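What you are looking at is a predicted structure, and each value in this text was computed from that prediction instead of being measured. Positions are given from 1 along the sequence. The basis for the numbers below is simple: all heavy atoms, side chains too, and nothing from hydrogens, waters or symmetry mates.
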Amino acid sequence: MLPVMIVPRSLFSRRLALAFSAVILFVLASSAPAGAVVTEVATGLANKVVGLQPRNTTQIFEGTPTAASFENSAGNPVLHSTNTYVIYWDPTDSYHGDWQHLINGFLHGVGAKSGSAGNVFSVDAQYTDKSNLPATYRSTFRGAYTDTTGYPPPECTDPEPLLPGDAITCLTDRQIQGELQSFISQHSLHTGMGTIFYLLTPPGVTTCIDKGASASHCSDKPSSAQSFCSYHAAISPTNPEQGDANTILYAVIPWSAGGLGNYHLRLADQTPAYDCQDGGFDPSSTPIEQKEKAKEKSTKEEEEFGKKTTEEKNKQLAAEALEGPHQEEPNQLSGTGPEGSYGTGLADVIINQIAVEQQNTVTDPLLNAWQDSAHNESTDECRNFFAPVLGGSVTANEHTKAGTLFNQSLDGGNYYLNMAFNLAALQLPFPGVACMGGIDLAPSFTAPNPVNAGDIVGFDGMESDITLNSAINFTSGGGTTPTYPKFTWDFGDGTPKVSGYAPGAATVNSPGASPCAAPWLSPCAASTFHAYQYGGTYQVTLSVTDVGGNTGEITKPVTVVGPPPPSSEPGKEGTPGASPPASPPPATGSTAAAGTGATTPGTTATAGAPSPVASAAVASTSLAKVLRNGLVIRYSVNEQVTGRFEVLLDAGTARRLGIHGPRAAGLPAGSPASIVVGKAILVTTKGGRNTVKILFGKHTAARLHKMQRVSLALRMIVRNASSQGSKSTTVLSKITLHR
């Protein structure tokens with residue numbers, strides 16, 4: 001994030017402004033972001049291994065053989081849950097409160113959304129250790145603290161200090177370790193393999209891993225591949241390989257956000273941020289990794305520009321700067337901050353550093369776990385990957401000279417964070433997306449049409465959308481073996497459930513099980529055949545548990561034509577023993593955990609005729625087309641019904657976008673609170689298939705137009721007109737629309 005330098009006109013001539021704009025463009029055009037590379041640094045005492053976030057790097061994930069070597073062959077520890085503390089080591093009162101507010105709020109949001117599938121941290125759950133337990137997204141923010149302990153005498157020489165009055169000191173990693181240990185002891189804080197301490201320093205404080213006047217690994221070392229934006233490391237005196245209760249996991253986040261817009265700094269120190277963010281990459285470009293380039297003027301345009309007055313030239317250059325290469329990052333500030341400047345958004349660069357260190361520490365806490373053959377850690381594999389975005393503008397803000405894009409929303413805050421590496425994409429071709437901002441778990445199958453009793457019918461679970469569909473488990477002998485999601489089929493007729501892994505399909509029909517052909521795990525159950533003995537409507541449920549331990553399910557009705565099952569009472573037809581009734585059971589409220597196609601079973605009003613059989617699917621995928629022309633829904637019913645369609649938006653997103661509507665009542669247990677943003681009435685005279693279109697109101701459409709991607713839900717509620725007592729069926733589906 002690069003806020004613009006704002007100074008009084010009396011101190012900043014138009015000529016200097018023009019020259020400075022050119023410098024900004026040059027810096028941004030040549031900038032590049034950073035990732036974490038495990039590096040051994042000679043400190044002068046003992047070598048120190050750290051996970052560096054180096055500056056001036058250009059690597060972008062391209063499915064290279066190096067990325068394919070990403071592994072943890074020894075099964076060394078990952079973190080299965082985390083407690084996070086933020087320590088601002090700031091005896092000079094230089095770390096602004098508005099920065100602390102944004103940073104603390106971010107980590108609070110990470111904890112508040114813990115366990116959810118909608119952000120980058122959920123992708124880490126595919127990475128395991130010898131325990132074969134995943135690095136589950138379970139994070140608790142334990143709070144922040146401003147440490148006012150005085151800085152010790154410097155052990156390093158700042159290679160590029162700020163001006164006198166702005167420069168504060170140079171700290172070595174040895175000094176930071178000492179302060180951390182003292183601080184933890186003083187406040188009786190718990191250590192061990194589940195706690196991460198983030199130590200942050202203000203502008204004017206430089207951090208070097210090594211010491212002395214010739215220190216090479218420093219946070220502000222100019223034009224050096226050894227300079228860094230942040231790093232993570234461990235103090236583990238009693239068990240450095242596996243960690244124990246004495247281990248201190250920490251990440252050092254020095255100030256790397258520059259000083260543009262920070263009026264507390266001298267004019268010469270109000271400089272652009274270091275190359276620690278996306279370096280001017282434009283996610284809206286094709287391909288999305290393509291770096292922004294300044295637009296070149298034609299000869300005619302150059303001649304016309306030369307004829308303009310100085311004021312006209314300045315105005316044109318200012319406009320071009322907003323469209324030219326610049327950082328793409330939200331400022332999180334609609335106007336000036338508490339001090340009347342635009343420096344509040346500088347904290348966004350620091351937030352992204354914390355986000356990448358969180359991922360890297362979780363998957364590689366002791367610097368000996370998940371890396372590739374070049375020692376790149378998790379975020380390196382997707383370095384410079386920030387797409388898709390959820391909202392904001394690619395055009396630079398007039399005051400901050402930064403874009404306002406965001407790709408993550410956490411507990412009310414919008415952030416622009418580096419994507420997470422999905423190793424599963426290299427193992428299986430579908431979904432096959434290697435850089436993710438969250439995961440999908442959307443179990444899905446298409447129910448057969450009404451069939452006859454005794455017919456063999458197929459259920460194909462491979463249409464499911466499962467991001468975490470492959471991982472590595474560790475054997476007792478020290479080797480590794482692949483693992484995959486587990487599928488469980490319940491056919492609703494009292495026959496045994498069928499369980500197994502996917503991909504791979506059994507060679508016998510249910511309820512039998514058989515080994516699967518290599519390379520798939522046995523038993524397997526990605527697809528299965530089944531036959532129903534009696535007529536009726538049966539609720540078929542597919543439950544899926546991905547390799548990260550997340551579970552989702554979907555239930556759909558299957559209608560079978562034939563004689564009803566015999567009754568358990570002599571002389572009566574009905575359902576024997578534990579077999580289900582021919583009509584659907586009461587609704588259970590179960591839904592898929594994420595994605596599309598979630599269906600709730602029908603609800604039964606009274607005994608008698610079965611509930612209507614209904615299905616609905618959204619034919620639209622383009623958000624722009626939906627906002628212009630309406631949401632197209634294809635539906636089918638098996639008889640005459642009356643009912644309605646409702647389009648639902650979760651209440652949190654609605655509040656953030658300023659969309660209002662009636663609250664959706666009667667949702668299944670565990671569903672997020674939602675409002676109705678669109679609806680349509682349904683009346684049929686007979687069974688069949690048709691389509692309906694739902695148009696959004698002008699206010700809702702205008703608000704949704706700002707989004708690059710939006711998740712909605714479609715609820716279809718229908719009731720039949722049976723003389724034996726009307727019954728209703730509810731179908732609930734998830735919708736994802738993209739720009």
Quiz item: Does the side chain of Thr488 pick up a donor-acceptor pair with the side chain of Ser543 at under 3.5 Å?
Solution: no
Quiz prompt | No-hydrogen, no-angle side-chain donor-acceptor test under 3.5 Å, Thr379 and Asn418 | solution = no
Quiz item: Any side-chain heavy atom of Val110 within less than 4.5 Å of one from Phe121?
Solution: yes
Quiz prompt | Shortest non-hydrogen contact from Glu381 toward Phe70 | solution = OE2-CD1, 3.5 Å
Quiz item: What distance do Gln408 atom CD and Leu390 atom CG have between them, rounded to the nearest 0.5 Å?
Solution: 7.0 Å
Exercise. Quick one: do Tyr501 and Phe487 satisfy ring-ring contact (aromatic ring centres under 6.0 Å, His included)? Show the steps, please.
Key: CA-CA 6 Å; Tyr501 295 94; Phe487 282 31; 9.7 Å; no
Quiz item: Is a donor on one side and an acceptor on the other found under 3.5 Å between the side chain of Asn469 and the backbone of Phe430?
Solution: yes
Quiz item: Is there a donor-acceptor pair under 3.5 Å between the side chain of Ser733 and the backbone N or O of Leu714?
Solution: no
Quiz item: For Ile554 and Thr541, what are the C-alpha separation, side-chain angles and deciding distance, and is it a side-chain contact (heavy atoms from CB on, under 4.5 Å)?
Solution: CA-CA 6 Å; Ile554 183 172; Thr541 299; over 6 Å; no
Self-check item: Donor-acceptor under 3.5 Å (Asn720 side chain, Lys727 main chain)
Solution: yes
Quiz item: Is a side-chain donor-acceptor pair under 3.5 Å present for Thr363 with Asp124?
Solution: no
Quiz item: Where the side chain of Asn452 meets the backbone of Asp455, is there a donor-acceptor pair that is under 3.5 Å apart?
Solution: no
Quiz item: Could you go step by step and tell me if Ser527 and Asp460 meet the side-chain hydrogen bond (donor to acceptor under 3.5 Å, both in side chains) rule?
Solution: CA-CA 4 Å; Ser527 299; Asp460 180 18; 2.9 Å; yes
Quiz item: Got a donor-acceptor contact below 3.5 angstrom from the Gln126 side chain to the Val547 backbone?
Solution: no
Quiz item: Can you name the nearest heavy-atom pair linking Ala664 to Leu648, along with the distance?
Solution: CB-CD2, 3.8 Å
Self-check item: Working for side-chain contact (heavy atoms from CB on, under 4.5 Å), residues Leu657 and Met707
Solution: CA-CA 9 Å; Leu657 295 176; Met707 305 291 285; 3.7 Å; yes
Self-check item: Val683 and Ile681: CA distance, side-chain angles, deciding distance, side-chain contact (heavy atoms from CB on, under 4.5 Å) verdict
Solution: CA-CA 7 Å; Val683 178; Ile681 301 300; 4.1 Å; yes
Quiz item: If we only count heavy atoms from C-beta on, is the Leu426 to Phe421 side-chain gap below 4.5 Å?
Solution: yes
Quiz item: Which heavy atom in Thr128 sits nearest to a heavy atom in Ile472, and how many Å separate them?
Solution: OG1-O, 2.7 Å
Quiz item: Any side-chain heavy atom of Asp546 sitting closer than 4.5 Å to one from Ile439?
Solution: yes
Quiz item: Does a side-chain heavy-atom distance below 4.5 Å link Leu704 with Ile659?
Solution: yes
Quiz item: Does CD belonging to Gln533 count more than 12 external heavy atoms closer than 6.0 Å?
Solution: no
Quiz item: Stepwise, does the side-chain contact (heavy atoms from CB on, under 4.5 Å) test hold for Ile735 with Leu737?
Solution: CA-CA 6 Å; Ile735 311 166; Leu737 302 176; 3.8 Å; yes
Quiz item: Is Asp490 reaching over with its side chain to a backbone N or O of Lys497, donor-acceptor style, under 3.5 angstrom?
Solution: no
Quiz item: Is the count of non-hydrogen atoms from other residues, nucleotides or ligands lying under 6.0 Å from Leu133 atom CG greater than 12?
Solution: yes
Quiz item: How far apart are the closest heavy atoms of Ser470 and Ala424, and which atoms are they?
Solution: O-CB, 3.5 Å
Quiz item: If you take all heavy atoms of Gly500 and Ala525, which pair is closest and at what distance?
Solution: N-CB, 3.5 Å
Quiz item: Would a 4.5 Å heavy-atom cut-off, applied to side chains only, mark Met462 and Pro503 as touching?
Solution: yes
Quiz item: Is a side-chain N or O of Glu646 found less than 3.5 angstrom from the main chain of Gly678, in a donor-acceptor match?
Solution: no
Quiz item: What residue pairs, at least two apart or across chains, pass ring-ring contact (aromatic ring centres under 6.0 Å, His included) with a residue in residues 686-720?
Solution: none
Quiz item: Just how far is it from atom OG of Ser674 to atom CG of Leu667, taken to the nearest 0.5 Å?
Solution: 5.5 Å
Quiz prompt | Heavy-atom side-chain contact between Leu623 and His738 under 4.5 Å | solution = no
Self-check item: Minimal non-hydrogen separation, Asn119 against Lys113, with atom names
Solution: ND2-CB, 4.0 Å
Exercise. Please check if the side chain of Ser611 supplies one atom and the backbone of Thr729 the other of a donor-acceptor pair under 3.5 Å.
Key: no
Practice problem: For the residue pair Gln708 and Pro388, establish whether any side-chain heavy-atom pair is separated by less than 4.5 Å. | Solution: no
Exercise. Report the distance from atom CG of Leu468 to atom CG of Asp440, rounding to the nearest 0.5 Å.
Key: 9.5 Å
Quiz item: Do Ser510 and His530 have a side chain donor and acceptor closer than 3.5 Å?
Solution: yes
Exercise. Only counting residues at least two apart or in another chain, list the ones meeting salt bridge (Lys or Arg N to Asp or Glu O under 4.0 Å) with Arg634.
Key: none
Self-check item: Residues Ser114 and Ser139: side-chain donor-acceptor under 3.5 angstrom
Solution: no
Exercise. Flag this pair as yes if the NZ/CZ of Lys679 is under 6.0 angstrom from the six-membered ring centre of Phe645 and inside a 45 degree cone about the axis; otherwise no.
Key: no
Exercise. Drop me the distance from Thr545's OG1 to Leu441's CG, to the nearest 0.5 angstrom.
Key: 8.0 Å
Quiz item: Is a side-chain donor-acceptor pair under 3.5 Å present for Thr555 with Gln539?
Solution: no
Quiz item: Parallel under 30°, tilted from 30 to 60°, perpendicular over 60°: which one fits the rings of Phe386 and Tyr416?
Solution: parallel
Quiz prompt | Atom pair CZ/OG of Arg628 and Ser622 - distance to nearest 0.5 Å | solution = 6.5 Å
Quiz item: Are the side chains of Trp489 and Thr528 in touch, meaning some heavy atoms are under 4.5 Å apart?
Solution: yes
Quiz prompt | Approximate separation, where rounding is to 0.5 Å, of Leu542 CG and Ser464 OG | solution = 5.5 Å
Self-check item: Parallel, tilted or perpendicular: ring planes of Tyr538 versus Tyr532, cut at 30 and 60 degrees
Solution: parallel
